[in-house]
Amino acid sequence: MSTTFTIDTSTSRATPVAAPMKRLTVPAIRDRKGKEPLVMLTAYTVRMAQLLDPHCDILLVGDSLGQVIYGFPSTLQVTLDMMCAHGAAVVRGSYHSVVVIDMPFGSYEASPEHAFVSASRIMSETGAAAVKLEGGQAMAPTIAFLSQRGIPVMAHIGLTPQAVNALGGYGARGRTNAEHDQIIADARAVADAGAFAIVAEGVIEPLAKSITAEVSCPVIGIGASADCDGQVLVAEDMLGLFERTPRFVKRYGDMAAHISAAVETYASEVRSRAFPTPDQTYQPKK
Ligand code: KIV
């Protein structure tokens, strides 16, 4: 993808960011069904957004930030305030990708009206193009309610981490007939309700393929199948920030090792007074 660089001095460290590509739109994402696979990664901060944006179609401000950024045991502790603050940062750091923001647990399940209040706050405070929410058939009326009122919704089915207590863990979904049939019904229901795309997480591969073949909107897989209409991963997982990653993650980098090596060198240079050198200090003007 060709990228034109201009200096954007509005960011605090004046980092050159890719510009001015026209930002993709929700209809353009929907139109990618069955075409070039969609590239989606999570981003939670302005600098990561700047780095990922030129290569992605969609940046997801996932509620996985609860674990990745805040060290919570699950996504259940994430608040609307957190999603709005990180969402706005990612929108400020991106020019090209569609930014989608997760609705946190408790902000949308009670009723479509409650979901609208939460989603409209996310949209107006962040400038993002869409929200994502977890749930299939049960959430279809909410997806229809939001979509019909100008809030594009990405649905999330299969392994839905906000339901970890009900599901009993983070294992793959769709291995029993009952689960398989429910996930197919979920995919149909959210697509019919107007979801512009569906994240299918942790579903067995044949099921991911069937869903992708069946629904008219793009299905974006995570731990699903290369035959989905796109893929999403948590950026810090694929960059190798953590020692342990789920089976479905491929590591494309070794960020943890790079950070450790750099900080080890820094610590040793501070202790030996090798840092700072004259290059990094200020002297009186002559
Ligand atoms: O919260 C998140 O990061 C997600 C993706 C893993 C799909 O929902």
Side-chain angles (χ1 to χ4, degrees), residues 29 37-45 48-49 52 56-80 82-87 89-90 97-109 118-119 122 126 128 130-136 139 143 152-164 167 169-173 183 186-187 190 195-203 208 211-212 217-225 228-239 241-242 244-252:
I29 297 296
L38 289 159
V39 180
M40 173 163 150
L41 281 173
T42 60
Y44 317 120
T45 63
M48 280 298 272
L52 306 181
C56 290
D57 301 304
I58 304 169
L59 291 179
L60 171 67
V61 186
D63 61 353
S64 50
L65 64 75
Q67 287 130 314
V68 176
I69 301 280
Y70 290 93
F72 294 145
S74 74
T75 55
L76 301 187
Q77 297 77 13
V78 173
T79 65
L80 211 43
M82 289 172 189
M83 296 313 297
C84 286
H86 288 274
V90 169
S97 308
V98 166
V99 177
V100 178
I101 302 191
D102 260 343
M103 299 194 69
F105 178 65
S107 73
Y108 62 93
E109 299 90 334
S118 303
I122 291 175
T126 65
V131 296
K132 175 164 84 57
L133 57 81
E134 295 183 11
M139 281 300 127
I143 293 171
V153 180
M154 178 179 279
H156 184 154
I157 62 169
L159 170 58
T160 46
Q162 291 176 11
V164 62
L167 298 176
Y170 296 102
R173 313 291 299 159
I183 291 169
D186 286 341
V190 296
F196 74 94
I198 300 173
V199 166
E201 175 166 358
V203 293
I211 295 169
T212 305
C217 65
V219 174
I220 300 170
I222 172 164
S225 170
C228 290
D229 299 299
Q231 302 297 325
V232 57
L233 285 175
V234 169
E236 284 77 358
D237 281 344
M238 57 81 78
L239 291 170
L241 190 67
F242 300 109
R244 270 187 55 240
T245 48
R247 173 193 150 79
F248 58 79
V249 173
K250 179 172 174 187
R251 284 169 176 243
Y252 290 84

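Counting begins at 1 with the first residue of the sequence. Both counts, for ligands and for their atoms, begin at 1 and track the order of listing.
Residue contact annotation: Met40 has no non-hydrogen atom under 4.0 Å from ligand 1.
Between the Glu134 side chain and the Pro104 main chain, no donor and acceptor come within less than 3.5 Å of each other.
The protein non-hydrogen atom at the shortest distance from atom 8 (O) of ligand 1 is Lys132 NZ, 2.8 Å. With respect to atom 5 (C) of ligand 1, the closest heavy atom belonging to the protein is Leu60 CD2, 3.6 Å. With respect to atom 2 (C) of ligand 1, the closest heavy atom belonging to the protein is Ser64 OG, 3.3 Å.
Checking only distances, Asp102 does come within under 3.5 Å of ligand 1, N or O to N or O. Ligand 1 has an N or O atom lying under 3.5 Å from an N or O atom of Asp63, backbone or side chain.
Closest of all the heavy-atom pairs between Gln77 and Met82 is O-CE, 4.3 Å. Nearest heavy atom pair, residue Leu52 against residue Ala235, reads CD1-CB, 3.9 Å. Closest approach of Tyr108 and Leu133 over heavy atoms only: CE1-CB, 3.7 Å.
Those atoms of ligand 1 that come under 4.0 Å of a heavy atom in Thr42, given as number and element, are 3 (O). Numbered from 1 in the order shown, with element, the atoms of ligand 1 that lie under 4.0 Å from a heavy atom of Gly62 read 1 (O), 2 (C), 3 (O). Counting the atoms of ligand 1 from 1 in the order shown, those under 4.0 Å from a heavy atom of Ile222 are 6 (C).
Interatomic distance, Met154 CE to Ile101 CD1, rounded to the nearest 0.5 Å: 12.0 Å. Between Asp229 atom CG and Ile220 atom CD1 the span is 8.0 Å, to the nearest 0.5 Å.
Between Met48 and Leu239 there is a side-chain heavy-atom pair separated by less than 4.5 Å.
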